[in-house]
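So the structure is just underneath, and the comments pick up after that.
Note that the coordinates shown come from a computational prediction; the quantities given were computed from them, not determined experimentally.
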Amino acid sequence: MPEYSIRYVSPEEDFVLESGFEGPCFIEAESLEGFTSQFEEEGVSVVGAPGVVMDFRDRKVLPMEGSFTLVVRDVSVWPRIRGAFSSHRFGSLEVVGDQRFVLPVRLGASLPSPSVRPVVGSRVEVVLRSDGGVWVAPVVSPDSDVIVTNWGDVPVWGRIMWDGPGGRVVMPSGVGFDLPAVEGQHTVFLDRKRAGEVHGPGGYDRELTRRVDAVSEMVPVGESRTFKTPVGASLAWDVGVFDPWR
């Protein structure tokens, strides 16, 4: 099994906790528990054939929880530690080995109350929840013709980022839509949750969402699809896996 490191990045990306034995506070690597993907699936019975037929696109991936232990070596950082976790804003737990996998997480249970002040060497359990249920390997390509290969365990849905003149986007099916000229970084999401939403520097842009009228297409597990994007745009996607240690 390859060696790996673990780190947690706060929602504001201003505080990082890592596994090992350095720094004022660190993650005890051997303390990692849970963070195992769970899913439900139902097959379709075929008359005259034994068993069921499975369509892995119909899997229902459930949220997951897990925990790790922090070891505090400098109690002066305790306020920063508390501020690094939130029950409604997402930080990220990362496993870094031959491949980097990221898990967006938020607090699944409150940290010890303020009346419990750690001392040097204190061990604090942190319980985290992942609403998405899978670890992801982020990929970004600035090419105009992008082949997206889904080597993961769940369908891949992309997003397109652009700034400038925009241009024509062609999806794998041949259906296309146009990105208008914009100033500042904009993103159009192609997943089912935010289907076609355009977000700019100020957040969700209702007018641009209506103008773009984007369509969503995914890449099934074990397959590849080609997307065409205009010059100056980038296609980003996350390959989701159940097991980042495989």
To check you understand the geometry: which heavy-atom pair defines the closest contact between [X] and [Y], and what is its length?
X: Cys25; Y: Val77; value: CB-CG2, 4.2 Å
X: Val156; Y: Asp238; value: CG2-O, 3.7 Å
X: Gly152; Y: Val241; value: CA-CG1, 4.0 Å
X: Pro11; Y: Ala84; value: CD-O, 3.2 Å
X: Gly83; Y: Arg89; value: O-NH2, 4.5 Å
X: Asp213; Y: Phe177; value: O-CB, 4.2 Å

**Message:** Test: ring pair (Phe, Tyr, Trp, His ring centres under 6.0 Å). Region: residues 193-233. Which pairs qualify, not counting sequence neighbours?
**Reply:** Phe189-His199, His199-Tyr204

Any chance you could measure [X], atom [atom1], to [Y], atom [atom2], to the nearest 0.5 Å?
X: Asp74; Y: Ile81; atom1: CG; atom2: CD1; answer: 9.0 Å
X: Glu197; Y: Arg159; atom1: CD; atom2: CZ; answer: 14.0 Å
X: Asp14; Y: Arg80; atom1: CG; atom2: CZ; answer: 6.0 Å
X: Phe35; Y: Ser130; atom1: CZ; atom2: OG; answer: 8.5 Å
X: Met171; Y: Thr229; atom1: CE; atom2: OG1; answer: 11.0 Å
X: Leu107; Y: Leu128; atom1: CG; atom2: CG; answer: 6.0 Å

Verify, without hydrogens or angle tests, whether [X] (side chain) and [Y] (backbone) share a donor-acceptor contact under 3.5 angstrom.
X: Asp205; Y: Glu207; value: yes
X: Asp163; Y: Gly184; value: yes
X: Ser10; Y: Phe15; value: yes

Would a single hydrophobic cluster contain both [Y] and [X], if residues Ile, Leu, Val, Met, Phe, Trp and Tyr are joined by side-chain heavy-atom contacts under 4.5 Å?
X: Trp157; Y: Phe101; result: no
X: Val170; Y: Leu235; result: no
X: Val102; Y: Phe90; result: no
X: Val124; Y: Leu32; result: yes
X: Phe68; Y: Val127; result: no

**Message:** Atom CD1 of residue position Ile147 - does it have more than 12 heavy atoms of other residues, nucleotides or ligands inside 6.0 Å?
**Reply:** no

**Message:** More than 12 heavy atoms of other residues, nucleotides or ligands under 6.0 Å from CD of Glu183: yes or no?
**Reply:** no

**Fill in**
With Val188 as partner, the option from Thr209, Val198, Val169, Leu208 fulfilling side chain to side chain contact (heavy atoms under 4.5 Å, CB included) is Val198

**Request:** Could you tell me how the ring of His186 sits relative to the ring of Trp162: parallel (under 30°), tilted (30 to 60°) or perpendicular (over 60°)?
**Result:** tilted

**Request:** Over 60° means perpendicular and under 30° means parallel, so classify the ring planes of Phe85 and Tyr8, tilted if in between.
**Result:** parallel

Do [X] and [Y] come close enough that some side-chain heavy atom pair is under 4.5 Å?
X: Ser31; Y: Glu33; result: no
X: Ser5; Y: Glu18; result: no
X: Val134; Y: Phe242; result: yes
X: Gln185; Y: Met161; result: yes
X: Val221; Y: Asp153; result: no
X: Leu70; Y: Ile27; result: yes
X: Val231; Y: Ser144; result: yes
X: Trp135; Y: Met64; result: yes

**Step-by-step side chain to side chain contact (heavy atoms under 4.5 Å, CB included) determination, Trp237 to Val219** = CA-CA 10 Å; Trp237 67 95; Val219 181; over 6 Å; no

**Item:** Working for side chain to side chain contact (heavy atoms under 4.5 Å, CB included), residues Arg106 and Asp131
**Value:** CA-CA 8 Å; Arg106 58 186 178 85; Asp131 294 338; 3.0 Å; yes

**Request:** Determine, for Arg225 against Glu217, whether the closest basic-nitrogen to carboxylate-oxygen distance falls under 4.0 angstrom.
**Result:** no

